[in-house]
Amino acid sequence: MTIIDNLPTVYDAKTTEEEMYKFWEENEYFKADNKSNKPSFSMVIPPPNVTGVLHMGHALDETLQDILTRYHRMAGYEALWLPGTDHAGIATQNVVEKQLRQEGKSRFDLGREKFLEKTWEWANAHKSAILDQCKRLGASFDRSRERFTFDEGCSEAVKEVFIKLYEKGLIYKGAYIVNWCPRCQSAISDVETEYETEDGNLWEISYPFKNEAGAIVIATTRPETMFGDVAIAVNPTDYKYKDLIGKTVCMPLTGREIPIIADEYVDKTFGTGALKITPAHDPNDFEVGKRHNLKPIWVIDGEGKMKSCPEVPPEIQGLTREEARIKTVEMLEVQQALVKITPHTHNVGKCQRCHTTIEPLLSEQWFVKMEPLAKEAIAAVKDGRIKFIPERWEKNYLGWMENIRDWCISRQLWWGHQIPAYYHNETGEMVVAKENPDPEHYTQDPDVLDTWFSSGLWPFSTMGFPNKETEDFKKFYPTSVLVTGFDIIFFWVARMITMGLEFTGKAPFSTVYIHGLIRDEKGQKMSKSKGNTIDPVKIIDKYGCDALRFTMTSLCTYGGQDIKVSDEKFEYGRNFANKIWNASRFVLMNLDGIDNKPIDFANITLADKWILDRLNTVAKEVNENIKNYRIGEIAHILYDFFWNEYCDWYVEIAKIQLQDANIKANTQRVMKYVLDMALRLLHPIMPHITEKIYSLIPNKDFPAIIRADYPKFEDKLVFTKENKEMELVIETIKSLRNVRQSFNISPSIKVNIVISGKDAETLYNNDVISYLKRLARVENASFANSNEAPKKSATTVVGDYKIIVPLEDLIDLKAEIERQNKKLEKLNKEKAGLMARLNNDKFLSNARPEVIEETRAKADELTKQENTIEELIKSLS
RNA sequence: GGGCGUUUAGCUCAGUUGGUAGAGCGCUUCCCUUACAAGGAAGAUGUCGGGAGUUCGAGCCUCUCAACGCCCACCA
């Protein structure tokens, strides 16, 4: 008892969280058993980058996953939540290169091997940092199964998949225009390119004809690429240029001769209707060039600088793209080849990682042929094997999949899975294999794979794949659900689905639960550069982990809207945690001498039955909502139940019942039972506080709440009649309190009441009278005939009952009449609406019978109340 | 250009088979009632973005307009 008596009045989140997490870890409660007979529930974490620092987005994502894991663990499933991290190719390489730069070195100074060594060192040192941070979130993932996208097993899976796809002809190598980041010095994929609107110019440049007067004027946004021009293109149906097709022009500045060709791609209405073709540096031009068999000319190198080649004038060579543009325009002006400059806003591609302007560059890269793979990935979603929640993301996913483009998977980096292709040093012959066939004569392709290639295998590479016979694979694959934000549907979700279907024949998960993104209070994306980030660890320090979890959960809507957060919002969860703490404290302090007997349903009070019935309904609703991923709804239901029903009403009534020796023991049982169950219901959302309190409950059924059974709906706890009766009692108390407030009756003054109405004694029995005495500060309650005219009293009408509060000299008659009139007015208004419907023949003939019945009953009730109040007013006047 | 989302109380937002609107914060009044002032009690507050339609009945369904936000596409 001493422990309980000494519980602080304010919930100490920090101590509790540390203590409870340790308790779970020490007892290995997070560990999933692949030999269990229970049905499996499994999930893989979206692996955070090794370079990552925990942010609010993780906090939300991890919390939702943890809620699902904890719920299923309690609800009879063998639950596995598998954690891990992503090697994050470019991001990690950037970090290590930055370090080197500070030492005045580049990765080339170290060489590939040394650089990789250093990067591994860095990754190993940081690999667990972010998952350790997740501990602060209460994450119940199974660390014994922690994986890394670049570990041995995942690397094996990557090789297996690459080779199989290659053998199937679904991976190919070729020269195509790719998005090239001059800063990362690597190709990136389409989805890694973001477009931004920029103000630029449209320059019109005149290309004179060869051997004759005149010129053709083209329009371009990138004059510096002109040195790579191989043709001028016009639309074949454009009468303006019809006669020019086939002619040759001499390029300004260099004088190089190029032909005028016709291609339907050209838009007659844009610019001058004539277009320069630069196949090496523009994706559309590349296509045009291919159609016309034009040889591309490279004029920009991988660093984004102008090449030193004969096609580029010496003044331009070596300049950056930006410098070259200025210089080129200058030179054109001098030559009077510049016809016009028009301001022009257009979209410019940027590297998702470093925000550098993308250079479309023709280069030799590896690609995955997506269309054949997409077929099944589309079918799986269409036929319901995979369900998106909210559903609208399906459309988004399908739209992308149906217009899928090949996936550029090679990156000119060092940190990542090196492509398992080997070239013969002399013949150049290529072998795709897991190992180098002959290290003396073959050299491995220097490129590495896109990070998302390995993440795409995550749900099965972590379960043992390519071995499909491991215990984990058999028990836990496919996984149950994938929880993530919509921002990586294309990057990740889509790839897992395609790869999963192709390599395991099964959808890697049956549900994709997409939640909103965390934003700041103004609705802006949080980012370090904007300085509007909120550090979840700081929130946890200030408000507690469970407060953070509860608040975020409560903000999740069914539609998956983005979530705006601000520091103060977490007070909501903190206050709730404190409420739980104190209510529990009260209950625990009042369990002295409690026996181990079950609740005695034969000797149970109205309030007992009511709270059990309510708990039962809540358990039902929570289970239903969690199955439908309406997690925010659960938070609201539980908040409302715990605070507004259990604390505000049941615990207050229990205080009265505990003083009655006859019902004390049973009250203790009910009080404890409901607390126990409420804590279990809350545990997935608020794990620490519930575990802590559970540990203090005497004679409990389970050693830890994390492994307790989740409450379910039970038929024996249905008390519909008592539920209704209790509602009337609550309403009575509320209206009596209203009377007190209206007449400024000090809490220290007790009032007498007279109750009238049919069978009033049945509802307002001794138990209920005792509630009224305490909760409405009633001195004496008596019963009387309703026809008695109340003078000098305030009256309140509840259901079929009239409760009179004689107020002697306290009463201000006028005020009471006014009060009653106001109420009457309200009732009149409400009734008018109901009557309008009931007097409408169409309503009567069309509405569902139960709706009509309901409306009628309500109208009757209102009429009754109206009559009573009218009568009252008459007697008062 | 195509698609999606949002618009409800002063603020932030809930509201799914269509039955006549809710929460938290804030505000007003009262209360340190032996779990909790991070608390308790009683209140006030809405032409549910505009318009039209379907329906007996619309915050919810249809159309349309407006504002804001996002995604995809990429005409140089």
Side-chain angles (χ1 to χ4, degrees), chain A residues 7 9-11 195 202-203 218-222 225 233 265-272 274-278 282-285 344 346-349 392-393 395-396 399-400 403 486-487 489-490 516-517 519 521 523-525 543 547 551 554-555 557-566 568-569 571-572 574-590 628 630 632-633 636 639-640 644 647-648 651-652 655 733-735 737-742 744-748 774-777 830 833-834 836-837 840-848 850-852 854-855:
Chain A
L7 293 179
T9 60
V10 172
Y11 169 58
Y195 287 88
L202 197 57
W203 283 274
I218 59 91
T220 180
T221 55
R222 298 197 58 195
T225 62
Y265 158 73
V266 182
D267 181 350
K268 285 185 275 189
T269 64
F270 189 89
T272 61
L275 173 65
K276 65 188 211 52
I277 300 297
T278 321
D282 183 281
N284 292 308
D285 291 7
H344 178 67
H346 57 146
N347 290 332
V348 178
R392 75 185 133 93
W393 294 111
K395 244 181 133 174
N396 186 265
W400 189 71
N403 297 296
F486 60 78
D487 51 335
I489 290 178
F490 302 151
L517 262 35
R519 296 177 180 280
E521 51 205 314
Q524 289 181 308
K525 239 184 190 169
Y543 298 102
T551 302
S554 77
L555 295 173
T557 65
Y558 183 57
Q561 295 304 321
D562 286 353
I563 297 168
K564 286 196 246 176
V565 299
S566 61
E568 311 83 59
K569 276 197 176 173
E571 287 175 9
Y572 179 61
R574 181 202 56 185
N575 293 353
F576 185 44
N578 199 234
K579 189 72 182 179
I580 294 170
W581 179 253
N582 277 293
S584 305
R585 210 161 61 86
F586 173 82
V587 173
L588 293 170
M589 285 190 299
N590 284 282
N628 294 316
R630 303 186 62 156
E633 192 63 22
H636 297 134
Y639 180 94
D640 196 51
N644 302 128
C647 292
D648 290 350
V651 169
E652 290 307 316
K655 284 177 185 170
I733 294 168
K734 281 188 165 181
S735 13
R737 285 168 172 170
N738 182 299
V739 167
R740 302 188 65 108
Q741 179 87 7
S742 304
N744 272 322
I745 301 167
S746 151
S748 59
R774 170 132 177 180
L775 301 179
R777 310 225 17 107
E830 202 179 328
L834 295 174
R837 284 200 272 165
N840 186 336
D841 289 342
K842 284 187 177 166
F843 172 71
L844 296 175
S845 54
N846 288 324
R848 288 202 313 272
E850 60 272 29
V851 173
I852 299 173
E854 224 171 81
T855 312

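Chain A is the first sequence line, chain B the second, and so forth, proteins listed ahead of strands; every chain is numbered from 1.
Comparing the same atom, C1', in B:A58 and in B:C48 gives a spacing of 11 Å after rounding to whole Å. The gap from the P atom of B:G49 to that of B:A35 amounts to 45 Å, rounded to the nearest Å. Rounded to the nearest Å, the gap between the P atom of B:U7 and that of B:G15 is 9 Å. Going from the P atom of B:U45 to that of B:G3 covers 43 Å, rounded to whole Å. For the P atoms, the distance linking B:U62 with B:C70 amounts to 25 Å, nearest Å. Taking atom C1' on both B:A41 and B:C32, the two are 14 Å apart, rounded to the nearest angstrom.
The residue A:F490 sits close only to the backbone: its heavy atoms come under 4.0 Å of sugar-phosphate atoms, none of a base. Residue A:N840 is in sugar-phosphate contact alone, with no base atom involved, counting any heavy-atom pair closer than 4.0 Å across all strands shown. A:V587 comes within 4.0 angstrom of nothing in the nucleic acid, heavy atoms only.
Taking the side chain of A:N575 as heavy atoms from C-beta on, and the options B:G19, B:A76, B:A38, the nearest nucleotide is B:A38. Listed nucleotides: B:G15, B:A73, B:U20. Nearest to the side chain of A:R837: B:U20. Closest to the side chain of A:V651, from the set B:C71, B:C74, B:A35, is B:A35. Out of B:A38, B:G15, B:A35, the shortest distance to the side chain of A:N578 is found at B:A38.
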*nucleotides 1-13 of chain B: protein proximity per nucleotide (B base, S sugar-phosphate only, - neither; heavy atom, under 4.0 Å)*: --SSSS-----SS
_Per-nucleotide protein contact string for nucleotides 41-47 of chain B (B base, S sugar-phosphate only, - none; heavy atom under 4.0 Å)_ = SBS----
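Closest-nucleotide positions on RNA chain B for A:T269 and A:Y11 were compared, and the one nearer the 5' end corresponds to A:Y11. RNA chain B is contacted by both A:W581 and A:E571; A:E571 maps to the nucleotide lying nearer its 5′ end (nearest heavy atom per residue).
Proximity of A:M589 to A:L7: side-chain heavy atoms (C-beta onward) are nowhere separated by under 4.5 Å. Between A:L517 and A:D487 the shortest side-chain heavy-atom distance falls below 4.5 Å.
Using modelled atom types, one finds a donor on one side chain and an acceptor on the other under 3.5 Å when comparing A:N582 with A:R585.
As a whole-Å value, the separation of A:E568 CD from B:C25 P is 13 Å.
Remark: the backbone N or O of A:R777 is paired with a side-chain donor or acceptor of A:R740 at under 3.5 angstrom. A donor-acceptor pair is defined here as one N or O able to donate and one able to accept, closer than 3.5 Å; no such pair exists between the side chain of A:R574 and the backbone of A:Y543.
A:E652 pairs by the salt bridge (charged side-chain N to carboxylate O under 4.0 Å, His left out) definition with A:K655, not counting sequence neighbours. Every residue two or more places apart in sequence or in another chain was checked for a side-chain hydrogen bond (donor to acceptor under 3.5 Å, both in side chains) with A:T9, and none qualifies. Applying the side chain to side chain contact (heavy atoms under 4.5 Å, CB included) test to A:A583 and every residue at least two apart in sequence or in another chain returns A:F642, A:C647. The side-chain hydrogen bond (donor to acceptor under 3.5 Å, both in side chains) check on A:D267 picks up A:T269, with sequence neighbours excluded.
Partner assigned to B:C63 is B:G51, using Watson-Crick or G-U wobble distances below 3.5 angstrom. Partner assigned to B:C11 is B:G24, using Watson-Crick or G-U wobble distances below 3.5 angstrom. Pair assignment for B:C68: B:G5, on the basis of Watson-Crick or G-U wobble contacts that are both within less than 3.5 Å.
When all heavy atoms of A:L202 and A:T221 are compared, the pair lying nearest together is CD1-CG2, 3.7 Å.
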